[in-house]
Every structure is written in structure tokens, then in C-alpha cells.
Amino acid sequence: MLALGKLLELTLAGREPCEKIQLTPHGVKLHWLAEGALLVSPPASADLGLDLLVSAGVHGNELVPIHVLDRLIRALARGDVRPRARLLLLFANPAAVRRTQRLVDHDLNRLFRGAHADVWGSEAIRAAELEALVSGFFGDTGRVRRHYDLHSAMRPSRLAQFAIRPWYEDEQATAEALARLQGLAIDAVLVQRQATNTFSALTAMRHGAEAFTVELAEGEGEALPAAVSQFENGLIAMIEGRTLPVSTGAELQLLQISREIIKRSPRFRLCLPADIENFTPLPLGSLLAADDGARWVVDEPGARILFPMADVAEGQRAALIVVPLEQAEAGQ
């Protein structure tokens, strides 16, 4: 295996490779661009015109996506995967990955679209570097652009794997994009209705990419969940220009955010079980959270909880209330 196939090892050690460009026996070029950043170019004769960005490790303690990206890079370097797409593969937050921590100074996934200019620390520097890398990668307007930013929700979920589609000038996800997600073993898509500063929002809003934050299934022990293996197989099929597997699961669920629960003070408390699963249904009238006299009570039919996390900084999101998206609003 080529040395650049050990990108995660290099990143964990904080080392640059001796050779920054290497070729596989099949003519695939691997190019180390910066810490945790690998450009993969297929032979010109095999290139299908797709620029695909796959990122992991925006949060350094989300180990499943880091493992998935490491497996993909090693397979590319061995020649087991023969790409027909041009790839930018990123371990996005090396400092946090080395510490196995969600963040070092700031949440990297809130610092894109220039928001890094308002803060300090390692994540601010890295966000600016990632923005520059992505701008260089998506420089050719004549190519198809996609981005899957891989995360794991760090708690059990009623829906094993789901994706978040960033808002992009009121455009809706196409039927083709949703079908691709189903082929990647995704159970639901959360459609955002306002602009954010996440990594996928950057690539969607600034570069017009078909971009999603993808939350992979959590596993127990070292074995990957079956849904993650299905995601890997679908991603490799896309990279190799093959037809994605046909989904045999339930119809893709479409959801939207109804409200955010924001932590306002140290007295904030979530009135939910600590082990509550993502997408657990919420009874009408139930109390979700309280903070200095403010109360969040469920008044939405069909409401579910997502990303409950009381231990966040003041001013940050402690949970989302999500509801089904009306079929008439779904992109076709």
C-alpha cells in the first residue's frame, strides 16, 4: 500500500509525508495537500466529471466516520477501489481528532462561511484553511459537485442513519439526490429552512454542491453496524461510477426543524431521560427544557427530539424539535 494510504496515521502523528504525490499501479494519483487533506485524481480516460468531497472528523470524538474515511483511503491506495470521480478526502479537525475530543477551542461546524473570522483558536485557523482547500477543489464550474460531511450522533437513534440538507436559496433537494441517499442506506433527511455556518452549508451555498451532513449509525464494540457497511458500499459504487444499490428499506422520511432549544444560562436543564434516543416521539404538552423561567413545551403534532445535549456552552443549541415535512414541499 502507498504511504499516502496511511493519511490518518500521518495526521495523528502530526507529520508530513516524505512524498506528497504518489501513483497507484492503475494510474490513480494521490496528492497530499495539507494536514489531513488528500486529493485523489483518476486517470483522464476514466474521469466521469464528478468532484466528490468526503469529510470526517469535524468533531474529533466521532470515531465511526473517521474509521470509514480511513478504510476508504487505504482501499484507494491499495488499488482495491478504482475511482472514476475526482476526490477531496479530509480529516477536518486534526487537533480534535488527536485528542479524541469534540472540539479544542470552538465547534468547527459553526465556523464556516467566514464565521471563523470572529473567533480565535485552532478551529478558526483550520476553518479558513478548509475553505481555501474546498475553493481550489471546486474550481471547475463544468463538473458535478457533491459533498458528504460524515458525522455520528453519539447516541442511539430510532432512525439508524440520517442526513441534514443545508438551506440553499430556497432550493429543494432533487429526487435524484434523495434517491442517492437511499442508495447510501440513509433513512431520513432533515431539511433546514435557514442559513447556517456548517461545513455542508459552505459547499452548498458558496459552491453550489449537492451537500449533506450525514449522521452515520452508532455501533457497539469494534464491528461496524450493517447500515454503515451499506453506506460504505454505496459510496464506493458512486466513486467507481457504478449504480448505487437499490434500497430495500422503508421510504425515505423527510423532516424539518420546528424549533431550537437554546441554553441561556448555567441553570438550564433538559427535562428528558439522559439516554433518550434521537427521533423519539414527543407527547403534546410535555415539558422539554427549562431555563431561568423560560419553558419549552411540546405543541407540535408529530414532534420528535433530535441532538439533545445539555452540556453545551451558553448560547448554543441544546436540542432540536423536528416534525414531518409536508409531501407537497418535498423536492421532486
Side-chain angles (χ1 to χ4, degrees), residues 3-17 32-38 53-74 88-112 115-134 147-157 164 196-202 213-225 228 263 266 274-275 278 307-319:
L4 291 181
K6 300 179 180 179
L7 180 66
L8 180 57
E9 291 183 26
L10 291 168
T11 304
L12 290 173
R15 293 192 295 110
E16 292 190 14
W32 187 91
L33 299 178
E35 186 175 36
L38 186 69
L53 165 57
V54 182
S55 50
V58 165
H59 298 134
N61 62 340
E62 296 176 3
L63 301 184
V64 170
I66 294 170
H67 182 60
V68 166
L69 185 56
D70 179 45
R71 284 165 58 95
L72 174 61
I73 291 171
R74 289 174 180 272
L88 179 59
L89 308 176
L90 297 173
F91 293 112
N93 193 346
V97 171
R98 282 192 283 269
R99 293 168 173 79
T100 323
Q101 296 176 183
R102 179 176 175 85
L103 54 87
V104 177
D105 301 305
H106 299 278
D107 188 339
L108 177 60
N109 216 27
R110 302 293 182 271
L111 298 183
F112 294 99
H116 53 78
D118 297 326
V119 297
W120 52 267
S122 64
E123 276 94 357
I125 295 170
R126 183 61 170 176
E129 182 177 35
L130 291 174
E131 288 189 358
L133 287 168
V134 169
H147 176 202
Y148 298 114
D149 183 32
L150 309 185
H151 290 252
S152 52
M154 305 296 288
R155 69 169 54 239
S157 178
I164 302 171
T196 63
N197 295 327
T198 64
F199 200 5
S200 62
L202 167 77
T213 302
V214 177
E215 300 282 349
L216 297 177
E218 285 292 321
E220 296 182 3
E222 296 184 359
L224 287 178
V228 175
K263 181 176 181 177
D275 60 352
N278 277 327
F307 300 139
M309 190 183 306
D311 188 19
V312 296
E314 292 175 35
Q316 293 296 310
R317 182 191 74 204

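Below, all heavy atoms of this structure are taken into account, side chains as well, without hydrogens, waters or symmetry copies.
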Which atom of [X] lies closest to which atom of [Y], heavy atoms considered:
X: V312; Y: K263; value: O-NZ, 3.0 Å
X: G36; Y: T11; value: CA-OG1, 3.5 Å
X: A124; Y: L111; value: N-CD1, 3.8 Å
X: V64; Y: A217; value: CG1-O, 3.8 Å
X: E16; Y: W32; value: CG-CH2, 3.4 Å
X: L90; Y: A37; value: CD2-CB, 3.5 Å

(message) Going by salt bridge (charged side-chain N to carboxylate O under 4.0 Å, His left out), name the residues that satisfy it together with R155, two or more places apart in sequence or in a different chain.
(response)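 Testing R155 for salt bridge (charged side-chain N to carboxylate O under 4.0 Å, His left out), a comparison that skips the adjacent residues, returns none.
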(message) Holding to salt bridge (charged side-chain N to carboxylate O under 4.0 Å, His left out), I want the full list of residues that pass it with R98, two or more places apart in sequence or in another chain.
(response)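 So R98 forms a salt bridge (charged side-chain N to carboxylate O under 4.0 Å, His left out) with E35.
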Who pairs with [X] by side chain to side chain contact (heavy atoms under 4.5 Å, CB included), at least two apart in sequence or on another chain?
X: A310; value: F268, L270
X: M154; value: N61, E62, S152, E218
X: E129; value: A34, R126, L133
X: Q101; value: R99

Any residue meeting side chain to side chain donor-acceptor pair (under 3.5 Å) with [X], in chain and number order, not counting sequence neighbours:
X: H116; answer: E131
X: N278; answer: none
X: T213; answer: S200
X: E314; answer: none

Quick one: pull up [atom1] in [X] and [atom2] in [Y] and give me the separation to the nearest 0.5 Å.
X: L103; Y: N93; atom1: CG; atom2: CG; answer: 8.0 Å
X: L202; Y: L130; atom1: CG; atom2: CG; answer: 9.0 Å
X: L216; Y: L224; atom1: CG; atom2: CG; answer: 9.0 Å
X: R110; Y: D118; atom1: CZ; atom2: CG; answer: 15.5 Å
X: E123; Y: D107; atom1: CD; atom2: CG; answer: 8.0 Å

(message) Between L8 and L69, is the side-chain contact (heavy atoms from CB on, under 4.5 Å) condition met? List the steps.
(response) CA-CA 9 Å; L8 180 57; L69 185 56; over 6 Å; no
Do [X] and [Y] have side chains that approach each other closer than 4.5 Å (heavy atoms only, starting at C-beta)?
X: T198; Y: I164; value: no
X: N109; Y: D149; value: yes
X: V214; Y: H151; value: no
X: L12; Y: V97; value: yes

(message) Consider side-chain contact (heavy atoms from CB on, under 4.5 Å). Of V58, L38, I73, which one does F91 pass it with?
(response)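 The single option meeting the side-chain contact (heavy atoms from CB on, under 4.5 Å) with F91 is I73.
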(message) Is it the case that the side chain of D105 and the backbone of S122 share a donor-acceptor pair, with hydrogens and angles ignored and the cut-off at 3.5 Å?
(response)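 Here the side-chain-to-backbone pair exists.
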(message) According to ring pair (Phe, Tyr, Trp, His ring centres under 6.0 Å), who are the partners of F112, at least two apart in sequence or on a separate chain?
(response)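 Partners of F112 by the ring pair (Phe, Tyr, Trp, His ring centres under 6.0 Å) criterion, ordered by chain and then number, come out as F199.
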